[in-house]
Number of protein chains: 2
Amino acid sequence: MTATADLATPLLDQAMARLRAQETGAPPPDATLTIAEMAERTGVSAHTLRYYERIGLLEVARDASGHRVYTATDFARVLFLTRMRMTGMPIRDLKRYVALAAAGEETIPERRAMLLARRDAVKAQLTELQFALDTIEAKLTGYGCVPGPEFKPAPLRRAEPAPAGR
Amino acid sequence: MTATADLATPLLDQAMARLRAQETGAPPPDATLTIAEMAERTGVSAHTLRYYERIGLLEVARDASGHRVYTATDFARVLFLTRMRMTGMPIRDLKRYVALAAAGEETIPERRAMLLARRDAVKAQLTELQFALDTIEAKLTGYGCVPGPEFKPAPLRRAEPAPAGR
DNA sequence: GTAGCCCTTCGAGCGCGCTCGAAGGCAACC
DNA sequence: GGTTGCCTTCGAGCGCGCTCGAAGGGCTAC
């Protein structure tokens with residue numbers, strides 16, 4: 001994809017980078033990573049990793065020279081953050097979530113509530129996206145395009161019953 | 001949903017407004033609409049409707065007093081635009097698409113290419129969103145939430161990339 | 001030593017997509 | 001005539017999420 005330059009979708013490219021990261025740059029066992037390695041493996045730029053730390057989404061140890069030392073836990077957290085960001089969860093909410101997580105067990109109810117809200121939001125988004133996809137394919141048909149020789153619209157299991165037909 | 005105020009997701013709310021618009025504010029037969037009526041029925045604010053027109057996404061007729069007069073065609077276009085926007089399609093691309101559509105039949109190949117690219121992007125997004133949803137539900141399970149109707153007591157934390165780590 | 005390179009902090013800047021406010025027109029009603 | 005209220009144009013401003021550049025530190029290789 002990204003066939004035509006002016007159709008480039010940065011968000012999607014980043015997302016694909018992250019997917020690749022999840023597949024190829026699998027979480028290291030208990031090795032540590034430099035910021036450059038983290039950037040490469042998570043698909044999140046070093047600039048952005050520093051930014052996330054600055055705003056309190058991450059708390060990263062330093063080595064003797066003051067360089068950041070990322071652990072497997074940090075790696076997992078960055079993946080979590082990027083997945084939540086992908087769903088459109090605002091950074092302000094992620095900050096709150098992370099703060100709650102740092103605060104201890106008694107914040108679990110609120111964290112759970114946040115996740116439940118996010119889950120509902122994501123389900124709604126899936127419904128909407130499917131709706132938009134239907135719109136696109138209808139228009140493609142109008143432009144003399146067959147919906148496609150491919151069998152499955154997407155390699156995903158339908159999370160939701162499709163939104164009332166179309 | 002939108003249980004807690006600081007979890008509010010404007011995007012989602014707008015999206016829901018639009019969904020409602022599609023259901024309730026069904027396209028008028030061949031009546032015309034004022035900007036306020038369009039705003040109400042599409043869930044797109046009057047400010048934004050004017051903005052869309054200003055940047056060339058819309059071309060709206062005026063009445064004798066210079067007030068905008070929206071037709072059913074305009075309504076349909078606004079719905080199309082909002083659905084494409086929902087997929088993350090940048091306004092710049094929509095501008096190009098609209099310009100092509102205005103240019104005539106010979107631009108159909110390029111329009112088709114844009115739609116195909118967008119279709120792929122949306123499919124990728126669906127996959128990603130589903131992935132994120134899985135992540136959320138796994139974490140919810142860890143927080144003692146059952147994803148389904150059946151209840152299983154899960155007092156133990158699942159080994160998850162818990163950002164709650166620390 | 002010094003070159004190269006990756007790292008650090010800090011603050012400013014940017015692109016996107018709205019969002020808003022000011023200033024005024026026109027029509028209807030009291 | 002005056003008030004209300006929705007409409008107009010125009011340009012400025014804003015919130016978000018990065019993104020970048022400047023200025024400098026420390027390590028290794030030559």
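Numbered from 1 within each chain, the chains take letters A, B, ... in sequence-line order. Quick caveat: nothing in here was measured; it's all calculated off a predicted structure.
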- Between the CG atom in A:D63 and the OG1 atom in A:T32, the distance rounded to the nearest 0.5 Å is 8.5 Å
- Item | Protein-nucleotide distance (B:L49, atom CG; D:dT9, atom C1'), rounded to Å | 16 Å
- Can you tell me how far P of C:dC18 sits from CG of B:L58, to the nearest Å? 13 Å
- Task: Return the value, rounded to whole Å, for the distance between atom CG of B:L94 and atom P of C:dC18.
- Result: 10 Å
- To the nearest angstrom, how far is B:Y70 atom OH from D:dC6 atom P? 16 Å
- Item | Per-nucleotide protein contact string for nucleotides 11-17 of chain C, where B marks a base within reach and S marks sugar-phosphate only (heavy atoms under 4.0 Å, - for neither) | B----SB
- Here the distance between atom P of D:dT9 and atom CZ of B:R50, to the nearest Å, is 8 Å
- Item | Residue mapping more 5' on DNA chain C - nearest nucleotide basis, B:S45 or A:T34 | A:T34
- What is the distance, rounded to the nearest whole Å, between atom CG of B:D63 and atom C1' of D:dC6? 12 Å
- Item | Point-to-point distance, once rounded to the nearest 0.5 Å, from CD of A:E137 to CG of B:L116 | 9.5 Å
- Note on the structure: Here the distance between atom C1' of D:dC18 and atom NZ of A:K95, to the nearest Å, is 13 Å
- Should we count CD of B:E105 as having more than 12 external heavy atoms under 6.0 Å? no
- Does one hydrophobic cluster hold both B:L79 and B:V69, with members joined at side-chain heavy-atom distances below 4.5 Å? no
- Query: Is B:E110 salt-bridged to B:R96, cutoff N-O under 4.0 Å?
  - Reply: yes
- Message: Does atom CD (A:E106) have a neighbourhood of more than 12 heavy atoms from anything else shown, all under 6.0 Å?
- Response: yes
- NZ/NE/NH1/NH2 to OD/OE distance under 4.0 Å, B:R68 and B:E53: yes
- Message: In whole Å, I'd like the distance from the NE2 atom of B:H47 to the C1' atom of D:dC10.
- Response: 12 Å
- Task: Would you check if the side chain of B:S65 reaches a backbone N or O of B:H67 as a donor-acceptor pair within less than 3.5 Å?
- Result: no
- Could you run through nucleotides 24-30 of chain D and give me one letter per nucleotide, 5' to 3': B if any protein heavy atom sits under 4.0 Å from the base, S if only the sugar-phosphate is that close, - if neither? ---S---
- Sugar-phosphate only, base, or nothing, as touched by B:A36 at under 4.0 Å among non-hydrogen atoms: sugar-phosphate
- Message: So, using ring-ring contact (aromatic ring centres under 6.0 Å, His included) as the criterion, who are the partners of B:F80 when residues are at least two apart?
- Response: B:Y97
